[in-house]
Amino acid sequence: MALSYQQALHYIHSFDDPYLAAIRNHGRQTWGLDPIRALLATLGEPQQAYPVIHVAGTKGKGSTCAFITQGLIEAGLKVGLYISPHLQDWRERIQINRQPIPEDDLGQIVEDLQSVVRPQSGLSAFEITTALAFWYFARQSCQAAVIEVGLGGRLDATNVVNPLVTAITSISLDHMQLLGDTLGQIAAEKAAIIKPGVPVISAPQASEALEVVEKRAQETGSPLTVIGRDWRCETLDLSLQGSWALIGPQGHAQKVAVGLPGGFQIENAAVAMAVLEEAQRAGLPVREADRLAGLIRTHWPGRFEMMPGPPLVVIDSAHNTYSIQRLVESLQELHHGPLTFIFGCMADKDIVGMLRTILPVARRVILTRATGYERAASVHELMTQAARLVSTAQQNGEDWASTIELETAPDVAGAVRQALSGLQEHEALCIAGSLAIAGEARTALAS
């Protein structure tokens with residue numbers, strides 16, 4: 001009899017978390033690619049059983065993976081999708097045609113894996129999960145797989161694939177204690193997934209990051225397409241239901257509908273379109289009609305996701321300063337009334353930078369903490385930083401600082417109840433700061 005779902009999860013979590021291990025080691029990455037390569041060799045190199053599209057980046061890589069996956073599904077293919085972390089259910093990490101791995105299947109494949117992995121193997125939980133995903137997609141005869149990088153790229157366990165196409169979404173400052181203090185250093189970690197001769201599609205990048213990506217592509221002889229330079233990407237219309245944009249090679253752009261709302265999703269959609277066009281050239285049967293249908297039909301929970309209203313409630317997993325800025329821009333483009341925020345984040349993030357973006361545009365901010373995450377910033381720390389920023393703004397005579405309301409809630413469910421109790425129909429609530437906060441908010445709103 002196969003392992004139960006809970007037994008399978010317990011086995012996976014019995015291996016160390018590489019991110020927490022690196023934090024304990026003062027930012028020193030202790031992992032490499034040799035252990036995952038050895039494990040995959042034992043399993044028969046499952047990652048070579050299907051064409052792979054490999055996606056790295058700081059922001060937008062999940063949405064981009066979703067757009068690409070949906071385009072492949074529209075083409076009639078059986079498509080594996082590997083992402084991390086999950087929003088609400090661990091099984092989201094390993095999907096086929098956007099359906100999470102069934103509990104029984106996870107129990108069976110983990111039981112099979114136990115026969116070849118020793119408990120003291122030195123593998124991490126992420127390496128185990130990555131191997132499980134590759135192996136599951138092969139066992140299920142997937143015809144393509146979209147693989148999202150977990151952290152960075154150069155030493156990420158997913159960087160053992162030989163992809164058909166590589167994509168790099170927007171690069172910004174995040175995980176600096178592990179990836180580097182500058183945009184160039186972080187870009188180098190992510191650009192390291194570019195393989196010799198493999199086409200690479202890049203989102204628009206800051207010049208410091210783009211220089212690194214261009215250099216890597218030149219060194220590896222990889223054809224590089226940059227959205228905004230080689231491909232046109234222009235917003236035509238934004239609404240709460242989606243957007244219209246001009247997307248396509250310069251001189252051949254066409255008007256397309258993008259189902260995910262928010263101006264930032266147009267860049268992600270353009271990257272996905274370019275990736276799928278390259279994938280078609282490489283042999284995958286993805287017609288233009290499939291690509292266009294994929295943009296419209298993509299669903300990606302927790303990313304500028306609007307819950308049934310009124311009032312308007314938006315959940316977004318933005319968790320660094322750049323992504324919070326883009327979130328606020330989209331909110332202001334689509335909603336012109338008062339804003340209430342529920343905010344919580346991990347303690348190693350740029351708390352001050354994110355709060356500096358949120359506070360001036362909010363009428364009310366409720367600070368909270370995700371449950372069961374040792375990395376989560378305490379409510380006290382968040383309130384201390386927020387109050388300090390408000391006090392400084394008051395001293396500087398900034399109007400917003402005299403009217404903003406700061407509140408706290410011990411958990412996300414309580415914060416949601418607190419926010420909704422004082423929200424008028426013409427107002428909007430935005431919940432952001434981490435994927436954990438977004439996931440718990442979705443659960444609370446569904447109950």
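The figures here come from the full heavy-atom set of this structure, side chains too, leaving out hydrogens, waters and symmetry mates. Everything numeric here is computed off the predicted structure, so don't read it as measured data.
- Counting only distance, with no hydrogens or angles, the side chain of Thr130 and the backbone of Phe126 share a donor-acceptor pair below 3.5 Å.
- The salt bridge (Lys or Arg N to Asp or Glu O under 4.0 Å) search around Arg364 returns Glu407, not counting sequence neighbours.
- Counting only heavy atoms from C-beta outward, the side chains of Cys345 and Met354 approach each other to under 4.5 Å.
- Glu267 is listed as a side-chain neighbour of Arg326, based on a closest heavy-atom distance under 4.5 Å.
- Taking the side chain as every heavy atom from C-beta outward, Ile147 and Gln47 never approach each other to under 4.5 Å.
- A heavy-atom distance below 4.5 Å is found between the side chains of Glu214 and Leu224.
- Looking at Asp290 and Gln280, their side chains never come closer than 4.5 Å, going by heavy atoms from C-beta outward.
- Here SG of Cys65 is found 9.0 Å from NE2 of His54. Values are rounded to the nearest 0.5 Å.
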*Report the C-alpha distance between Trp231 and Val271 in whole Å, list the side-chain angles of each, state the deciding distance to 0.1 Å, and finish with yes or no for side chain to side chain contact (heavy atoms under 4.5 Å, CB included).*
CA-CA 9 Å; Trp231 267 49; Val271 172; over 6 Å; no
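- Judged by distance alone, the side chain of Ser202 and the main-chain N or O of Val226 form no donor-acceptor pair under 3.5 Å.
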Review item, side-chain donor-acceptor pairs of residues 307-316, under 3.5 Å, at least two apart:
unit_1 : atom_1 : unit_2 : atom_2 : d
Asp316 : OD1    : Phe304 : N      : 2.6
Asp316 : OD2    : Ala318 : N      : 2.8

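- Ala432 approaches Ile437 most closely through the heavy-atom pair O-CG2, 3.9 Å.
- The salt bridge (Lys or Arg N to Asp or Glu O under 4.0 Å) test applied to Asp104 returns no partner, not counting sequence neighbours.
- Residues Gln88 and Thr443 have side chains that bring a donor and an acceptor to within less than 3.5 angstrom of each other.
- Remark: Arg369 pairs with Ala376, Val379 by the side-chain contact (heavy atoms from CB on, under 4.5 Å) rule, at least two apart or across chains.
- The side-chain contact (heavy atoms from CB on, under 4.5 Å) search around Gln99 returns none, not counting sequence neighbours.
- Put simply, the side chain of Thr169 gets close to the backbone of Lys59: a donor and an acceptor are under 3.5 Å apart.
- Checking side-chain atoms of Glu189 against main-chain N and O of Gly153 turns up no donor-acceptor pair under 3.5 Å.
- Side-chain atoms of Glu148 do not come within 3.5 Å of backbone N or O of Thr158 as any donor-acceptor pair.
- Between the side chains of Glu381 and Gln385, at least one donor N or O sits under 3.5 Å from an acceptor N or O.
- Within 6.0 Å of the NE2 atom in His10, the count of heavy atoms belonging to other residues, nucleotides or ligands does not exceed 12.
- Ser63 meets the side-chain hydrogen bond (donor to acceptor under 3.5 Å, both in side chains) test with Gln265; sequence neighbours excluded.
- With hydrogens and angles disregarded, a donor-acceptor distance shorter than 3.5 Å links the side chain of Asn97 to the backbone of Val79.
- The side-chain hydrogen bond (donor to acceptor under 3.5 Å, both in side chains) test applied to Arg91 returns Asp89, not counting sequence neighbours.
- Taken to the nearest 0.5 Å, the CD1 atom of Ile358 stands 11.5 Å off from the CD1 atom of Ile342.
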*Please walk me through it: do Leu276 and Ile68 pass side chain to side chain contact (heavy atoms under 4.5 Å, CB included)?*
CA-CA 7 Å; Leu276 289 171; Ile68 294 168; 3.9 Å; yes
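- No donor-acceptor distance shorter than 3.5 angstrom exists from the side chain of Glu127 to the backbone of Asp156, with no hydrogens or angles considered.
- Residues satisfying the salt bridge (Lys or Arg N to Asp or Glu O under 4.0 Å) criterion with Glu208, sequence neighbours excluded, are absent altogether.
- Residues passing the side-chain hydrogen bond (donor to acceptor under 3.5 Å, both in side chains) test with Glu74 are Gln70, Arg297, sequence neighbours excluded.
- In this structure, the side-chain contact (heavy atoms from CB on, under 4.5 Å) partners of Ala413, at least two apart in sequence or on a different chain, are Asp411, Arg417, Ala444.
- What you find for Ile193 and Val55 is that their closest heavy atoms are CD1-C, 4.4 Å.
- Considering only residues two or more places apart in sequence or on other chains, Glu278 meets the salt bridge (Lys or Arg N to Asp or Glu O under 4.0 Å) condition with Arg281.
- Side-chain contact check for Asp105 versus Tyr136: some heavy-atom pair is nearer than 4.5 Å.
- With Arg291 contributing its side chain and Ala289 its backbone, the two residues share no donor-acceptor pair below 3.5 Å.
- Residues Ile247 and Ile266 share a closest heavy-atom pair of CD1-O, 4.0 Å.
- Formation of a donor-acceptor pair under 3.5 Å by the Thr368 side chain with backbone atoms of Gly344 is not found in this model.
- For the residue pair Ser172 / Asn320, a side-chain donor-acceptor distance below 3.5 Å is found, with atom types taken as modelled.
- Considering only residues two or more places apart in sequence or on other chains, Gln95 meets the side-chain contact (heavy atoms from CB on, under 4.5 Å) condition with Leu81, Ile83, Glu92, Arg98.
- Between Leu87 and Ser317 the shortest side-chain heavy-atom distance does not fall below 4.5 Å.
- Closest heavy-atom contact between Ala192 and Asn159: O-ND2, 3.6 Å.
- A donor-acceptor contact shorter than 3.5 Å is absent between the side chain of Tyr5 and the backbone of Pro102.
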